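Please read the structure below before turning to the comments.
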There are 2 protein chains.
Amino acid sequence: MIKLSQTDPRSPKTTVTADKVAASLSLAIHEHRLAPGTKLGEDEISELFGVSRTVVRAGLQSLAHQQLVEIQRNRGAFVAQPSLREAREVFEARELLEPRTARSAALRATPQDITILEQHIKDEHAAIAAADQGRALRLSGQFHIEISRIADQTTIAGFIEALIARSSLIIALYWRRESALCESFAHHALVEAIAQGDGQKAQELMHSHLVDLHSALDLRDRTAQSRSLKDALRL
Amino acid sequence: MIKLSQTDPRSPKTTVTADKVAASLSLAIHEHRLAPGTKLGEDEISELFGVSRTVVRAGLQSLAHQQLVEIQRNRGAFVAQPSLREAREVFEARELLEPRTARSAALRATPQDITILEQHIKDEHAAIAAADQGRALRLSGQFHIEISRIADQTTIAGFIEALIARSSLIIALYWRRESALCESFAHHALVEAIAQGDGQKAQELMHSHLVDLHSALDLRDRTAQSRSLKDALRL
DNA sequence: ATTCGCAGGATTGTATATAATATTGTGTTC
DNA sequence: GAACACAATATTATATACAATCCTGCGAAT
């Protein structure tokens with residue numbers, strides 16, 4: 001057989017290309033290397049990945065479903081810019097879902113799970129030590145996802161994953177510079193409660209942790225016109 | 001060619017045509033005109049709607065993201081067949097989200113909202129009287145969606161909408177014929193509680209309503225191989 | 001000088017063509 | 001007659017071509 005295609009010849013069956021595009025963009029968004037509002041041109045991306053616009057579109061539409069990017073008809077795809085209202089809703093939803101999930105996780109966690117969580121915290125520390133803010137932020141989110149995975153509720157875990165993804169955008173937009181992001185302590189305490197199988201404590205710790213996060217955001221109402229001005233400022 | 005309907009000029013989010021395809025298929029699934037496991041061939045659909053496979057694919061991917069259809073690589077798209085486990089998870093998630101949402105709805109509902117809900121119930125009755133099971137089922141789901149809309153939490157409402165969509169598939173697969181589906185009473189009581197602004201009661205009613213629904217399903221574990229046999233039976 | 005209009009260019013939306021892959025049917029061999 | 005190999009067929013995955021739409025910039029008119 002003749003191989004003409006210039007695409008990566010190593011993984012022809014393992015992963016679907018559109019997923020790779022979406023995963024790559026998603027990672028960049030999570031690590032704040034792509035700012036909210038950034039234009040994601042189809043031609044540009046298709047050249048970067050060496051694939052056709054068809055698969056790029058599929059990837060972008062996938063991200064649009066997760067509300068990580070916004071697709072405007074005949075205008076293109078942009079990294080999403082959650083509104084104040086959306087930001088509040090996302091954290092309210094997390095405060096509803098995650099404490100209960102942490103509780104389930106505490107009741108179900110195996111020693112293996114604990115090891116994984118502890119490793120996560122170590123990785124977070126390493127990222128912080130390396131001053132890699134982006135990586136630290138992503139790992140912090142993954143920690144929450146890992147807990148929901150332990151809780152063994154795939155459906156709810158999916159919701160939480162979507163909420164955490166959007167949280168990354170919200171943090172990029174509304175984080176108050178004054179407040180320091182030291183999640184390590186909260187995460188460590190959570191792991192301890194989970195390791196001890198103390199569901200009630202895990203639930204409470206998760207809730208206060210989320211409230212802390214929420215209050216570290218500046219979600220005060222600004223003038224309504226800031227929405228359109230913001231676009232200009234971001235570019 | 002025939003123009004079916006004009007586009008909504010206020011929501012230019014994604015491609016309009018693909019949305020119509022997805023909405024049409026979604027409706028058919030909700031009304032049980034498309035059984036779980038049904039093959040959704042791209043060529044077939046593209047001919048039915050008079051559009052190219054490109055937009056059909058976009059629509060199918062959208063539905064796949066909502067887990068209403070399952071896309072198997074190089075095999076095609078099929079109406080999803082939620083597993084027993086998924087079925088349980090969906091209803092557990094609903095039991096977690098919807099009671100709280102009903103509470104919020106009771107506290108926020110306007111007289112207009114009450115009117116809308118009452119009209120919904122009337123429509124449900126009409127559908128039942130007309131022996132239109134499919135329509136009745138869809139309206140019943142929409143009733144829940146309407147409540148979440150009143151609660152004014154778009155994000156959570158989106159989750160609930162996805163859960164209800166999957167519930168339709170679950171009912172198609174696991175409904176016990178013995179138990180009658182008389183949701184009218186429960187819905188009526190709910191509207192009363194909401195009309196009176198009694199959040200606590202609405203929350204409790206919603207919870208017991210969901211428990212009733214859940215228990216009307218046959219979610220006992222059958223042989224594992226039934227999964228593959230089922231495909232044969234459905235075609 | 002400002003505003004309106006229009007053309008040019010750029011980008012997305014859709015359709016079609018080509019490549020890759022799975023399924024099915026047939027024929028040969030044991 | 002059964003089982004395997006292989007070809008024929010059907011369907012999906014990707015790429016490319018074409019059409020529609022939007023944005024930008026220039027120029028003319030007021």
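Everything numeric here is computed off the predicted structure, so don't read it as measured data.
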What nitrogen or oxygen pairs link the protein and nucleotides 19-21 of chain D at under 3.5 Å?
unit_1, atom_1, unit_2, atom_2, d
dT21(D), O3', Asn74(A), ND2, 3.2

Does CD in Glu47(B) sit with more than 12 non-hydrogen atoms of other residues, nucleotides or ligands closer than 6.0 Å?
no
Once you round it to whole Å, what is the distance between [atom2] of [N] and [atom1] of [X]?
| X | N | atom1 | atom2 | answer |
| --- | --- | --- | --- | --- |
| Glu47(A) | dA15(D) | CD | P | 14 Å |
| Ile71(B) | dT21(C) | CD1 | P | 18 Å |
| Glu42(A) | dC22(D) | CD | C1' | 14 Å |
| Leu60(B) | dA13(D) | CG | P | 10 Å |
| Asp43(A) | dA15(D) | CG | P | 13 Å |
| Gln72(A) | dT11(C) | CD | P | 16 Å |
| Arg57(B) | dT16(C) | CZ | P | 16 Å |

Could you walk me through whether His187(B) and Glu124(B) pass the side-chain hydrogen bond (donor to acceptor under 3.5 Å, both in side chains) test, one step at a time?
CA-CA 10 Å; His187(B) 284 185; Glu124(B) 289 180 47; 3.2 Å; yes
Check the pair Leu97(A) / Ile156(B) against side-chain contact (heavy atoms from CB on, under 4.5 Å), numbers first and verdict last.
CA-CA 10 Å; Leu97(A) 291 177; Ile156(B) 290 176; over 6 Å; no
OP1, OP2 of [N] versus side-chain N and O of [X]: anything below 4.0 Å?
| X | N | answer |
| --- | --- | --- |
| Ser52(B) | dA15(C) | yes |
| Thr54(A) | dA13(D) | no |
| Lys39(A) | dT12(C) | yes |

For residues 146-170 of chain B, which residue pairs pass the ring-ring contact (aromatic ring centres under 6.0 Å, His included) check, not counting sequence neighbours?
Phe159(A)-Phe159(B)
Tell me which pairs pass ring-ring contact (aromatic ring centres under 6.0 Å, His included) where either residue lies in residues 55-82 of chain B, with sequence neighbours left out.
His65(A)-His65(B)
Among His144(A), Arg100(A), Glu95(A), find the residue that satisfies the side-chain contact (heavy atoms from CB on, under 4.5 Å) test when tested with Met206(A).
His144(A)
May I ask you to decide whether Glu118(B) forms a salt bridge with Lys122(B), counting only side-chain N to carboxylate O separations under 4.0 Å?
no
Closest to the Arg53(B) side chain, choosing from dT12(C), dA15(C), dA13(D):
dA13(D)
Using a distance-only criterion (donor-acceptor N/O pair, under 3.5 Å, no hydrogens), is the base of dG13(C) paired with the side chain of Arg75(A)?
no
